[in-house]
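In what follows, chains carry the letters A, B, and so on, assigned in the order in which the sequence lines appear, proteins first and then strands, with residues in each chain numbered from 1. This one's a predicted model, so the numbers in the text were calculated from it and none came from an experiment.
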There are 2 protein chains.
Amino acid sequence: MKSRLEDLVSTLQAASSLEDLQVVTEALRDHYEVAHTVYHWVNSVGERFGAGTYSAEWVDRYLEKDYLRTDPVIFGCFQRFTPVIWKELDWSSKAARAMLQDAQQHGLGNQGFTIPIRGPNGQFALFTMNATADDDAWETFVDENTRDLMIVAHELNKKALEFENWGQDLQSPSLSPRELSAMTCLAKGMNRAQSAAELNISEHTLRVYIESARHKLGAMNTTHAVARALSTGIIIV
Amino acid sequence: MKSRLEDLVSTLQAASSLEDLQVVTEALRDHYEVAHTVYHWVNSVGERFGAGTYSAEWVDRYLEKDYLRTDPVIFGCFQRFTPVIWKELDWSSKAARAMLQDAQQHGLGNQGFTIPIRGPNGQFALFTMNATADDDAWETFVDENTRDLMIVAHELNKKALEFENWGQDLQSPSLSPRELSAMTCLAKGMNRAQSAAELNISEHTLRVYIESARHKLGAMNTTHAVARALSTGIIIV
DNA sequence: ATTACCATCCCCATAAATAGCGAGGGTATA
DNA sequence: TATACCCTCGCTATTTATGGGGATGGTAAT
């Protein structure tokens with residue numbers, strides 16, 4: 001069993017396309033004898049990347065019904081660091097229970113386990129195992145396999161980022177120390193007067209830094225410049 | 001050796017204070033026979049949370065010299081998903097090399113390995129192993145231990161989040177869809193007129209969303225609001 | 001059924017940011 | 001020794017953002 005997982009991880013590490021990831025999710029489903037295994041991104045603009053064993057109908061319905069905004073799994077994972085057992089989430093809202101019922105009519109099991117994965121620049125993905133089981137059996141399954149599944153989830157996300165060239169196109173320009181400080185002050189909410197005072201320079205000088213940083217970052221205005229500085233990681237607030 | 005790691009993880013899971021984490025980092029250092037083992041947050045105001053075996057002098061110097069802005073480890077990890085071997089980072093800048101030399105004079109080894117860890121609301125932490133070794137030996141060490149160390153890093157971060165009640169008081173406020181759209185437009189560099197046009201609303205209405213978002217985010221101005229929205233991950237540009 | 005929040009619109013006055021013109025001395029690097 | 005940044009400072013005019021005050025109708029949850 002242990003060696004079998006190693007094989008799966010090796011296959012995963014050798015994957016070179018989305019189709020390969022698809023195959024891996026199917027192999028994982030069979031290996032763990034669950035109903036479904038799914039990996040997908042949860043971006044601001046819905047779905048852009050995913051591989052898994054859910055039926056096309058369910059995926060379509062999920063998107064069509066905008067379940068991303070309803071699903072307690074999405075919401076719960078977004079606020080949590082640790083993996084989540086579905087049963088422990090908040091299913092009190094009517095919309096959530098309706099979604100769960102709908103899911104089961106599309107072949108999903110009653111139990112689920114989802115690992116949140118976070119990458120650079122706000123990238124966020126989920127790795128889910130879904131099955132039909134009673135609460136105790138599912139908890140045992142999760143206890144026994146969480147660590148392995150975390151490794152699998154990590155490798156899946158690594159590959160997905162590779163395939164999508166996440167962060168490749170974003171080559172960050174280098175700002176001077178003063179420019180970085182200026183951007184940081186602004187990102188902290190200081191206005192120009194406060195920032196200038198903080199850096200012990202005239203407000204005019206500060207302005208020069210801001211302008212300079214803005215041009216280097218190819219930004220339309222200060223807010224844009226700070227946004228770019230933050231999302232490329234050249235400043236951290 | 002394997003069982004020893006399990007013991008460490010168990011100790012970690014039973015930890016109930018920052019001091020306990022400190023003890024764990026020391027035990028990890030001894031177990032892996034490295035020079036240093038460190039876990040810390042990389043947040044707005046430098047250090048707010050950390051445990052590790054670096055000398056107080058080095059930590060003070062690091063903060064005093066503002067090495068957070070220089071350190072290629074910070075920058076590299078912030079842009080990457082996968083763990084990082086220090087040698088593979090960009091040390092071409094003079095400031096970076098000076099920092100490295102300074103570090104070695106404060107008892108750090110020449111090799112390092114750092115795992116980036118991301119939690120909800122933009123939380124970002126690093127787990128680092130540091131040692132004196134040649135390149136090959138270090139690479140071997142990393143290859144053999146990455147998975148275990150990832151688990152350790154995960155458990156450390158879990159505990160750190162617990163201790164700091166991350167998500168309790170620091171829960172990112174939920175913005176309405178329109179507020180999120182407004183923030184996103186601004187983060188993309190549009191001004192109010194352009195954003196309003198993009199969303200097909202009057203400029204005044206847009207302003208109401210911005211104001212509302214600003215209050216929810218506890219921000220001083222628009223730039224600050226966008227910065228917070230970005231760094232907590234509630235919008236992605 | 002009431003409370004809360006959402007989406008949408010308007011006016012006015014003030015504060016702040018942007019755009020344009022400058023200038024000088026310092027430190028690298030090619 | 002040029003060339004290229006980096007850091008620092010000033011003035012003026014225009015454009016934009018912010019902070020108050022409002023109002024209406026809708027949806028969702030308790």
Separation of D:dT15 atom C1' from B:E203 atom CD, nearest Å, is 12 Å
Is there a side-chain contact between A:S176 and the phosphate of D:dC7, meaning an N or O under 4.0 Å from OP1 or OP2?
yes
Are OP1 or OP2 of D:dT8 and a side-chain N or O of A:S202 less than 4.0 angstrom apart?
no
Nearest-nucleotide 5' precedence on DNA chain D, A:A95 against A:L199:
A:L199
Listed pairs under 3.5 Å, donor-acceptor, residues 196-204 of chain A side chains, sequence neighbours left out:
residue, atom, partner, partner atom, Å
A:S202, OG, A:H204, N, 3.4
A:S202, OG, A:T205, N, 3.1
A:S202, OG, A:T205, OG1, 3.0

Rounded distance (Å) that lies between atom P of C:dC6 and atom CG of B:L180:
10 Å
I'd like to check the salt bridge (Lys or Arg N to Asp or Glu O under 4.0 Å) partners of B:R214; sequence neighbours left out, ordered by chain and number.
B:E211
Pairs touching residues 75-104 of chain B that satisfy ring-ring contact (aromatic ring centres under 6.0 Å, His included), sequence neighbours left out
A:H154-B:F81, B:F78-B:F124
Round to a whole Å and report the spacing from NE2 of A:H215 to P of D:dC5.
14 Å
Counting only heavy atoms and a strict 4.0 angstrom limit, can you tell me which residues of residues 205-214 of chain B come near DNA chain C?
B:T205, B:R207, B:V208, B:Y209
Which of C:dC10, D:dC6, C:dA17 is nearest the side chain of B:H204? It is C:dC10
Give me the ring orientation class for B:F49 and B:Y39: parallel if the planes are under 30° apart, tilted from 30 to 60°, perpendicular past 60°.
perpendicular
Rounded to whole Å, the CD-C1' distance (A:Q194 to C:dA15) equals 13 Å
Would you please confirm or rule out a distance under 4.0 Å between OP1 or OP2 of C:dT27 and any side-chain N or O of B:K94?
no
Start at the 5' end of DNA chain C and walk down; is the nucleotide closest to B:K216 or to B:N221 reached first?
B:K216
Cut-off 3.5 Å, side chains only: do B:Y62 and B:D102 have a donor facing an acceptor?
no
Which residue pairs pass the ring-ring contact (aromatic ring centres under 6.0 Å, His included) test when at least one of the two sits in residues 93-121 of chain B, sequence neighbours left out?
B:W58-B:H106
Counting only side-chain nitrogens and oxygens, does B:R178 get under 4.0 Å of the OP1 or OP2 atom of C:dT8?
yes
Which residues share a side-chain hydrogen bond (donor to acceptor under 3.5 Å, both in side chains) with A:T82, sequence neighbours left out:
none
Between CD of A:E179 and P of D:dC7 the distance, given in whole Å, is 7 Å
Would you mind reading off the distance between B:N191 atom CG and D:dT15 atom P, rounded to a whole angstrom?
13 Å
